[in-house]
Amino acid sequence: MLQLVWTVKFLTRPPGTGSILMSAEPHVAVLSGQYLDSHCSSCCGPASSHRLKRCTRCQAIWYCDAACQNRDWFMHKFECTAIQNWASTAPSSELAIPSEAVRCLGRIAWTQRKKGLGSAWSREINAMQSHRPSLSPSVTETHTHLAHSLVRYLGLTSSAGLTEFGVTSAGDLVDMISRASHYFISLLFITNTFTLTSPALTPLGITVSPPFALINHSCDPNAVIVFPRANRSPSKHEPLMQLVALREIRANEEILTAYIDTTLPRMKRQQSLQETYSFDCRCGLCSGQLDLDPRESMWCPKSCGGICPLPTEENNFTRCAQCKSVVSSTEAVLDALRVGQEGLDKANLVQLRDPAKAIQLTSNLIPILISAGLTPSCHPLLALTRLHQSLLISSFQSDMTQDILDETIRMIAKSTAGLSSNLRVGHPVRGVALAELGKALAVDEPAPKANTTAVTFPPSGPQRLKSAYETLVQARNELFIGFGKQNDGGQVGQEIRESIVSLEKEIGVWSQGVRNVIQDIPKPDRNKA
Ligand SMILES: C[S@@+](CC[C@H](N)C(=O)[O-])C[C@H]1O[C@@H](n2cnc3c(N)ncnc32)[C@H](O)[C@@H]1O
């Protein structure tokens with residue numbers, strides 16, 4: 001199959017770290033159901049400083065204001081009726097709004113009909129790569145389901161109605177959808193959709209953008225795709241997708257982004273890429289470029305500070321790369337890995353429905369994996385710590401105790417350390433993790449400890465403020481790369497700048513206070529001695 005390779009040709013000098021390589025509004029962006037009433041369906045911004053206004057007809061789609069609503073109307077006028085019809089026949093209120101996939105395909109269909117199949121917009125959409133020939137039975141089933149839902153959503157009573165959307169072949173519905181490779185094929189859709197995220201990387205929905213869909217994958221990418229929302233009054237051109245260089249890129253070097261979570265170990269990455277994108281990754285990380293991958297590592301059994309590769313079912317012999325001590329407890333490590341993975345899968349499954357149960361699982365499993373000797377960057381310890389951290393943050397309450405706050409900070413620090421070993425400096429995930437750590441350290445302590453030393457973590461009092469300040473400065477430097485230098489670190493980087501300034505003042509006031517106290521202490525009268 002022909003592979004397109006995305007490179008940048010340089011007229012002057014190669015793009016450096018943090019350069020914005022491409023910027024475009026996606027062809028289509030839709031919010032997930034849970035964000036429809038908290039985010040604008042046109043610019044995808046949150047309802048933080050203002051109340052959103054609801055479409056009075058479908059009552060399902062919300063906008064910042066009339067300007068956002070007008071911008072979306074050319075599309076929403078079709079969607080509005082479709083949503084109303086869908087709701088009127090839905091079996092329950094939970095199913096009153098179609099899934100994001102169906103809404104996204106609907107938007108593609110209506111725009112193609114409006115712009116025409118020969119338009120540049122439609123040609124770009126239809127040029128994206130599809131994997132129809134390699135459909136597995138389970139994917140075919142999803143495909144069929146999606147096809148039925150789409151026909152119902154578009155308000156068609158039979159497949160013949162699809163002709164108005166440019167699909168003329170009749171027959172079996174699945175066959176028709178599969179054959180119509182130039183049109184809304186669900187696999188094309190899976191292969192080429194991107195997660196729409198908030199500026200702090202929370203997944204909000206999905207987008208389709210043909211120019212970005214030309215970029216191939218690497219588990220050690222030289223670029224990232226982000227939605228920085230760098231402009232302070234951003235609604236007009238948002239959501240804006242940007243491709244940012246994570247390091248200097250040479251002329252004619254292929255630009256590569258990661259399609260999946262690259263903190264996962266090789267086997268899991270390969271499995272995920274094969275299932276969703278139908279290819280075997282042969283990037284440096286997957287072909288064993290690293291002697292010792294931090295994603296699959298444990299501490300030296302003699303605590304020399306070195307690390308060892310994890311034992312596996314096939315090869316349970318492992319030793320410290322530094323002092324060469326052999327790990328004798330490999331069966332216990334393998335057991336801990338099995339229990340950890342099972343618990344992680346369970347916690348991921350129940351986290352929305354029953355967050356208390358998920359916290360219980362993560363709190364029980366993390367100490368097991370730590371005592372088995374796993375490093376913070378090792379899977380599944382890192383994944384469990386990240387999940388535990390996000391559950392703790394979402395259960396944050398205003399009347400939080402010092403112990404809970406300190407425990408949360410320790411958890412964020414552990415996951416930030418793990419992420420830092422696995423991801424390149426300036427990766428947006430690292431930047432956001434550091435920002436969260438700095439912000440948590442800057443939270444007012446409910447009961448600061450009187451005599452803490454800098455050795456305990458997190459420190460208390462002025463040491464804590466200093467630590468918050470240093471972490472936020474580091475976060476800002478990294479966000480500057482991952483969200484683009486010209487974007488001033490995106491919205492998160494800009495928020496942090498404000499926190500840094502106020503901490504500077506606080507630390508300054510505190511130091512001045514100490515200086516004043518020192519000056520007020522009466523000097524010993526040498527003549528008296
Ligand atoms: C979003 S598309 C990327 C653009 C695509 N190469 C094209 O020519 O249109 C994703 C598909 O590209 C292919 N692909 C991406 N990265 C690859 C890689 N590192 N090795 C092999 N195939 C890759 C896979 O077929 C994948 O499903």
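Start at 1 and go down the list; that is how both ligands and their atoms are numbered. All values reported here derive from a predicted model rather than from experimental measurement.
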* Asked: Are the ring centres of W121 and H27 closer than 6.0 Å?
  -> yes

| field | contact_flag A213 ligand 1 heavy-atom lt 4.0 Å | value | yes

Say whether, by atom type as modelled, one donor and one acceptor occur between the side chain of S32 and the main chain of Q34 under 3.5 angstrom.
no

- prompt: Between R430 and L423, is there a donor-acceptor pair closer than 3.5 Å when you use the side chain of the first and the backbone of the second?
  reply: yes

Evaluate ring pair (Phe, Tyr, Trp, His ring centres under 6.0 Å) for Y153 paired with W110, printing each intermediate quantity in order.
-> CA-CA 11 Å; Y153 185 53; W110 289 310; 5.3 Å; yes

Per-atom filter on ligand 1: closer than 4.0 angstrom to a heavy atom of I215 are 3 (C)

Here the atoms of ligand 1 under 4.0 Å from any heavy atom belonging to N216 are 3 (C), 4 (C), 5 (C), 6 (N), 12 (O), 13 (C), 14 (N), 15 (C), 16 (N)

- Task: Check whether any N or O atom of D280, backbone or side chain, sits under 3.5 Å from an N or O atom of ligand 1, and answer yes or no.
- Result: no

T312 backbone acceptor or donor facing N316 side chain under 3.5 Å: no

Within the 4.0 Å heavy-atom cut-off, what F279 brings close to ligand 1 is side chain

